[in-house]
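Read the structure below first, then the notes.
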Amino acid sequence: MLTKTFDPAAVEPRLYELWEKLGAFTADPASSAPPFVIMIPPPNVTGSLHIGHALTMSVQDMLTRWRRMQGRDALWQPGTDHAGIATQMVVERLLASQGQDRRAMGREAFLKHVWEWKAQSGGAITRQLRRLGASLDWPRERFTMDEGLSRAVLKVFVTLHRQGLLYRDRRLVNWDPVFQTAISDLEVESREVKGSLWHLKYPVEGEPGRFLVVATTRPETMLGDTAVAVHPEDARFADLVGKHLILPLTGRRIPVVADTHSDPEKGSGAVKITPAHDFNDFEVGKRHALSMPSVLDADAKVMVAEIEAELAEVPGIGDPAFVRALDGLDRFDARKKILARLEELGLIEKIEAHTHMVPHGDRSGVPIEPRLTMQWYVDAKTLAQPAIKAVETGQTVFVPRQWENTFFAWMRDIQPWCVSRQLWWGHQIPAWYAPDGEVFVAESEAEAAAAAREKYGRDVTLIRDADVLDTWFSSALWPFSTLGWPDETPELKKYYPGSVLVTGFDIIFFWVARMMMMGIHFMNEVPFRHVYIHGLVRDEKGQKMSKSKGNVMDPLELIEAYGADALRFTIAALTGPGRDVKLGRKRVEDHRAFVTKIWNAARFLEMNGIVADASFDPATAKSPLARWILDASNRAVEECTEALEAYRFDEYAAAAYRFAWGSYCDWFIELGKPVLNGPDGPEKAEVKGAAQHVFGTILKLLHPAMPFVTEELWHLFGYGEQGSLIRAAWPAPVTVPDAEAARAELDWVVALIGEVRGARAEMNVPPSVTVPLLLQGAAGTTLARADRWIDAIRRLARATEVKPLDGAAPKGVAQVVVGEATVMLPLADVIDLGAERTRLAKARAAAENEAKKIAAKLGNADFVARAKEEVVEENRERLAAAEAEMARLDAALARIAE
RNA sequence: GGGCGCUUAGCUCAGUGGUAGAGCGGCGGUUUUACACACCGUUGGUCGGCGGUUCGAAUCCGUCAGCGCCCA
């Protein structure tokens with residue numbers, strides 16, 4: 001006996017272990033089956049499963065399970081990435097709590113700690129993915145710092161360098177003062193900050209009392225100003241171009257230059273230029289050959305060294321002692337002091353409140369500081385071109401398509417990719433420096449030494465670059481490094497390129513674009529055919545989930561409460577095209593009802609002795625009920641398959657739900673009860689056969705979304721061995737004899753029951769009152785149908801019998817129109833005839849309204865002349881039907897007039 | 001400022017030229033032996049506004065408004 005309700009907590013872990021033990025998730029490079037490949041977006045090794053993972057992983061698992069059932073050799077490649085900054089931060093914090101310090105222990109010892117931490121705590125998310133039911137090929141699990149993947153990183157780095165696509169350059173980087181490292185453009189997020197716009201007065205050289213006013217949001221950087229720019233066409237400042245200003249506090253002479261970067265509309269129309277601390281100013285500096293002194297150090301503290309030589313005492317303007325005293329001061333403290341001093345000197349014209357966007361490190365959360373440093377860069381511009389072309393030509397297709405625009409916009413304006421990070425945890429850059437500064441890039445120290453020996457004719461001391469690579473550098477290789485590249489493995493041959501990449505739109509730049517670039521460059525082929533972009537998970541109100549808002553939902557807790565199937569089905573149902581998913585507890589609870597519904601349907605089958613029967617052949621079905629449900633299941637199969645092919649998880653869920661609940665449970669089982677409760681015989685056997693056959697189809701259709709409950713029932717009902725549904729064949733439509741006739745018959749039964757139920761409910765007839773149904777004007781086929789379905793009609797329409805009206809209509813009937821017939825319910829003692837007249841009049845008005853609308857359309861000569869013939873014909877039929885219904889309702893009204 | 005997207009029933013959303021839909025909710029009824037996480041019935045929308053194209057527009061075009069996201 002099945003338990004009263006499904007108990008996911010007891011069943012799910014057991015089944016997952018079984019699948020894993022059976023090797024049900026395993027891909028087989030030796031098989032002849034065509035591959036289906038999804039590369040997991042490797043979660044952070046520091047991470048734990050959040051609701052966003054639940055979405056993306058559920059989607060990936062649905063696709064994988066579905067394709068696997070279709071007979072594809074499915075590989076869902078698992079793994080995690082080493083998450084440079086995040087992991088280093090976690091371990092540093094841990095060490096700090098034990099009173100230890102990274103720098104004190106040194107690089108080697110620190111890395112040992114990180115590896116230890118990874119071994120102990122790094123696998124949390126992989127365990128959690130199992131709870132979700134993710135059918136990843138675990139024996140193939142990889143980590144971006146694996147030996148194999150590290151070898152791929154070395155090879156790629158060295159190759160790109162040799163090809164001139166990876167180089168060192170001294171330019172401005174986004175510097176994170178907390179982590180003390182460069183970060184890429186993408187790791188910077190603009191945040192709106194309420195600040196001020198300070199209008200500073202810079203004295204014009206040789207013209208006492210004349211000032212050029214510059215507006216700035218960052219007054220502390222003025223120490224590093226090397227020019228003031230005005231717009232070339234700005235008449236207000238035309239005479240100043242070429243003249244010099246005395247930079248307050250430092251006393252340094254700086255030129256006024258004409259540059260279009262200066263916007264006459266903004267601020268004062270003149271802008272101070274600090275090339276070493278602002279990206280735009282850097283470009284201006286390059287255009288005008290300005291010097292580029294840095295005045296902030298790695299900690300974002302004031303650094304006077306590079307401007308020391310030019311400090312000059314100028315009465316009322318230049319104050320070297322003050323400037324020197326700022327050395328080592330935090331940037332924000334320095335700002336206050338500088339402003340106070342300028343105020344004293346009368347060099348602040350005004351201060352405006354000003355809201356502006358300030359770049360922040362996405363992990364550290366502090367304002368990033370542009371700094372002039374030497375870093376390694378990848379020539380993304382060059383690598384981007386083939387990637388752009390691949391999407392333009394459809395080698396890779398985004399779903400939904402509109403995301404291609406986002407991809408193009410970024411790729412066409414791509415900047416050099418800064419790949420070096422001043423961290424210890426990561427792939428150390430394979431570059432060695434000779435004492436003269438010459439760099440040797442090689443896959444090993446020995447190779448670098450050999451190259452150096454060749455150059456210098458002797459051995460020299462080489463020092464390895466201390467920096468590591470951006471984590472995304474190794475992630476970019478994921479689609480082929482996980483398959484064994486640079487070795488030519490069977491896996492690489494079979495599973496590259498992947499079928500589809502599934503991710504959120506926020507990752508298009510970080511990862512998708514970079515995989516495209518690296519994949520095409522090193523494999524001469526795009527890394528995946530489709531990129532399915534899903535939305536973000538938000539709370540019920542549509543708010544982004546965040547810890548600070550306190551609206552985060554823990555997927556594991558939801559699984560605990562409602563089961564993984566319920567969570568997964570909810571996600572499927574809510575994942576529409578290009579939409580964010582608004583998820584609340586209530587939604588999961590609601591969809592759990594569907595899991596329970598399936599379970600209860602199974603209990604009904606069990607009570608009726610219905611079990612799997614492979615010998616049942618749908619093509620031999622005779623009873624209309626069996627043929628009807630088999631036919632309906634064919635359509636459900638088609639709908640589900642088409643929906644999955646189109647990545648329409650909402651439609652897939654809706655089609656399966658509609659069929660399982662709305663057709664199988666609500667009608668097939670209910671209509672089948674009289675037969676199932678009746679004596680054994682061919683009809684009963686056939687209904688049982690259809691019941692088990694279609695239930696098997698339902699289990700298969702739902703398996704990608706609800707793997708656990710379906711797998712459990714699959715075995716309990718004898719469809720297959722334990723844990724075998726996962727590899728059962730995806731259903732295909734079956735042959736159903738004369739499906740159209742079965743549809744027509746069941747449509748009639750459903751309509752009759754529906755109409756009678758509706759009238760009874762509206763007339764407040766208690767369910768305990770049962771009446772005969774008298775058919776007036778019924779065709780012979782209708783009467784035959786009524787006869788065939790009498791037991792079901794009795795049961796579902798609360799009827800005692802169904803028979804043709806003999807003679808005149810009895811007094812006090814309720815009447816409904818079903819097709820050509822009028823059905824009379826003799827209810828003289830129960831109903832209010834006035835109310836019945838009102839009800840009929842309302843129905844007649846609706847029919848009349850419909851008829852009028854259609855008649856007007858058909859009365860339009862243009863419509864008849866220009867619309868498609870089948871549309872006109874359809875409208876003619878609808879008009880006829882509406883008019884016939886009006887006539888029958890008129891007759892019904894006449895019958896009970898007084 | 002530039003770009004993208006969204007606006008359809010109380011809520012969440014499908015619907016991309018031919019009868020406006022689903023789920024949930026609301027309301028009324030029901031212990032009819034799978035299921036109250038249920039069953040039956042029912043209510044509910046000038047498809048954001050305006051203009052255009054068309055025989056016909058939620059759907060195509062233009063425009064305006066509101067909201068969201070990305071970029072500067």
Side-chain angles (χ1 to χ4, degrees), chain A residues 2 4-6 185 189-190 263 265-266 279-280 356-357 400 402-406 408-410 413 505-506 508-509 535-536 538 540-544 562 566 570 573-584 586-587 589-608 610 643 648 650-651 653-655 657-658 661-662 665-666 669-670 673 676-677 753-768 770 794-798 850 853-854 856-868 870-872 874-875 877-879 881-882:
Chain A
L2 293 187
K4 179 126 184 154
T5 52
F6 177 60
D185 300 350
E189 59 183 38
S190 291
D263 180 352
E265 309 278 308
K266 263 161 99 176
F279 285 92
N280 288 313
H356 60 136
M357 302 302 279
Q402 82 217 32
W403 290 110
E404 290 179 4
N405 294 330
T406 306
F408 288 140
W410 190 69
D413 185 35
F505 59 82
D506 47 333
I508 292 176
F509 308 143
L536 257 42
R538 297 170 177 279
E540 300 104 310
K541 294 179 209 120
Q543 302 244 21
K544 219 166 159 171
Y562 304 109
T570 307
L574 299 180
T575 301
R579 276 262 185 189
D580 284 347
V581 173
K582 286 183 198 160
L583 193 67
K586 180 77 168 52
R587 299 310 209 97
E589 193 182 324
D590 288 346
H591 286 92
R592 178 188 52 178
F594 183 50
V595 179
T596 308
K597 187 74 182 175
I598 297 296
W599 187 257
N600 279 315
R603 293 182 68 218
F604 175 82
L605 301 188
E606 184 186 45
M607 290 175 73
N608 284 276
I610 294 167
R648 285 298 302 265
D650 56 339
E651 284 187 353
Y657 182 101
R658 208 166 36 233
W661 197 319
C665 293
D666 287 349
I669 287 182
E670 292 305 327
K673 276 177 182 172
L676 293 170
N677 288 340
I753 293 168
E755 287 294 333
V756 172
R757 277 174 171 173
R760 289 178 57 108
E762 214 168 324
M763 300 311 297
N764 291 315
V765 179
S768 53
T770 55
R794 275 197 183 112
R795 185 187 165 85
L796 300 176
R798 313 295 298 154
E850 172 81 357
K853 260 165 59 179
I854 305 167
K857 203 176 227 189
L858 287 166
N860 181 342
D862 274 335
F863 171 73
V864 178
R866 301 191 190 215
K868 277 178 284 185
E870 64 259 34
V871 174
V872 177
E874 189 188 315
N875 277 281
E877 283 164 17
R878 280 175 48 212
L879 179 60

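Below, chain A is the first sequence line, B the second, and so on; all start at residue 1.
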*Report the residues that fulfil salt bridge (Lys or Arg N to Asp or Glu O under 4.0 Å) with A:Asp413, sequence neighbours left out, ordered by chain and then residue number.*
none
*asked:* Heavy atoms only, 4.0 Å cut-off, all strands: where does A:Leu605 land among base, sugar-phosphate and nothing?
replied: nothing
_Measure CZ/A:Arg603 against P/B:U33 and give the value in whole Å, please._
14 Å
*Could you work out the separation of B:U46 and B:C40 based on their C1' atoms and round it to a whole Å?*
33 Å
*Taking atom P in both B:G17 and B:A57, what distance in whole Å separates the two?*
14 Å
*Given the C1' atoms of B:C13 and B:G45, what is the spacing between them in whole Å?*
14 Å
_Taking side-chain hydrogen bond (donor to acceptor under 3.5 Å, both in side chains) as the definition, give me every residue that meets it alongside A:Glu877, ordered by chain and number, with sequence neighbours left out._
none
*Can you list the residues that meet the ring pair (Phe, Tyr, Trp, His ring centres under 6.0 Å) rule with A:Phe505, with sequence neighbours excluded?*
A:Trp403
*asked:* I'd like to know if the side chain of A:Glu606 reaches the main chain of A:Leu2, judged simply by a donor and an acceptor atom lying under 3.5 Å from each other, with no hydrogens or angles considered.
replied: yes
_side-chain hydrogen bond (donor to acceptor under 3.5 Å, both in side chains) involving A:Glu404 - partner list, sequence neighbours excluded_ = A:Arg401
*What are the two closest heavy atoms between A:Ser190 and A:Met357, and how far apart are they?*
CB-CE, 3.7 Å
*Atom-to-atom span, CG of A:Asp506 to P of B:C70 - whole angstrom*: 9 Å
*Which is true for A:Ala601 with a 4.0 Å heavy-atom rule: it touches a base, it touches only sugar-phosphate, or it touches nothing?*
base
*Among all residues two or more places apart in sequence or in another chain, which pass the salt bridge (Lys or Arg N to Asp or Glu O under 4.0 Å) test with A:Lys597?*
none
_Nearest whole Å is fine: how far is B:C71 P from A:Asn405 CG?_
16 Å
*Roughly, in whole Å, what's the span from NZ in A:Lys673 to C1' in B:U32?*
8 Å
*Which letter, B, S or -, goes with each nucleotide of nucleotides 10-21 of chain B from 5' to 3', with contact meaning a protein heavy atom under 4.0 Å?*
--SSSS--BBS-
*For B:U31 versus B:U19, give the span between their C1' atoms, rounded off to a whole number of Å.*
40 Å
Distances for protein N/O vs nucleotides 36-38 of chain B N/O pairs under 3.5 angstrom?
from: B:C37; atom 1: O2; to: A:Thr596; atom 2: OG1; distance (Å): 2.6
from: B:A38; atom 1: O3'; to: A:Lys597; atom 2: NZ; distance (Å): 3.2

*Please give, in whole Å, the distance from B:U30 P to A:Arg795 CZ?*
19 Å
*With sequence neighbours excluded, tell me which residues meet ring pair (Phe, Tyr, Trp, His ring centres under 6.0 Å) with A:Tyr657.*
A:Phe594, A:Trp661
*Taking every non-hydrogen atom, the tightest pair across A:Ala797 and A:Arg760*: O-CD, 3.9 Å
_Nearest-angstrom distance from the residue atom CZ of A:Phe408 to C1' of B:G3_ = 15 Å
*asked:* In the structure I gave you, are the side-chain heavy atoms of A:Leu796 and A:Arg757 within less than 4.5 Å of one another anywhere?
replied: yes
*asked:* Please give me the minimum heavy-atom distance between A:Ala882 and A:Glu850, naming the atom from each residue.
replied: CB-CG, 4.2 Å
*Using the test side-chain hydrogen bond (donor to acceptor under 3.5 Å, both in side chains), find all partners of A:Lys4 that sit at least two apart in sequence or belong to another chain.*
none
*Can you tell me how far P of B:G5 sits from CZ of A:Phe505, to the nearest Å?*
14 Å
*Enumerate the residues from residues 755-764 of chain A whose closest heavy atom to RNA chain B is under 4.0 Å, giving them by residue number; use none for an empty result.*
A:Arg757, A:Gly758, A:Ala761
*For RNA chain B, what is the dot-bracket line, given that a base pair needs Watson-Crick (N1 to N3, plus N6-O4 or O6-N4) or G-U wobble (N1-O2 and O6-N3) geometry with both distances under 3.5 Å, and | means paired with another strand?*
((((((((.[[[[.)..(..]]]].(((((.......))))).....[[[[[..)....]]]]]))))))).
*Determine the interatomic distance between P on B:U8 and the same-named atom on B:A58; round to the nearest Å.*
15 Å
*asked:* Using a strict threshold of under 4.0 Å (side-chain N to carboxylate O), is an ion pair present between A:Lys582 and A:Asp580?
replied: no
*With sequence neighbours excluded, what pairs up with A:Arg866 under the side-chain hydrogen bond (donor to acceptor under 3.5 Å, both in side chains) test?*
none
*Please give, in whole Å, the distance from B:G23 C1' to A:Leu583 CG?*
15 Å
*Provide the closest heavy-atom pair for A:Ile669 versus A:Ala601 in the form atom of the first, atom of the second, distance.*
CD1-CB, 4.4 Å
*In whole angstrom, give me the gap between the C1' atoms of B:A65 and B:C11.*
24 Å
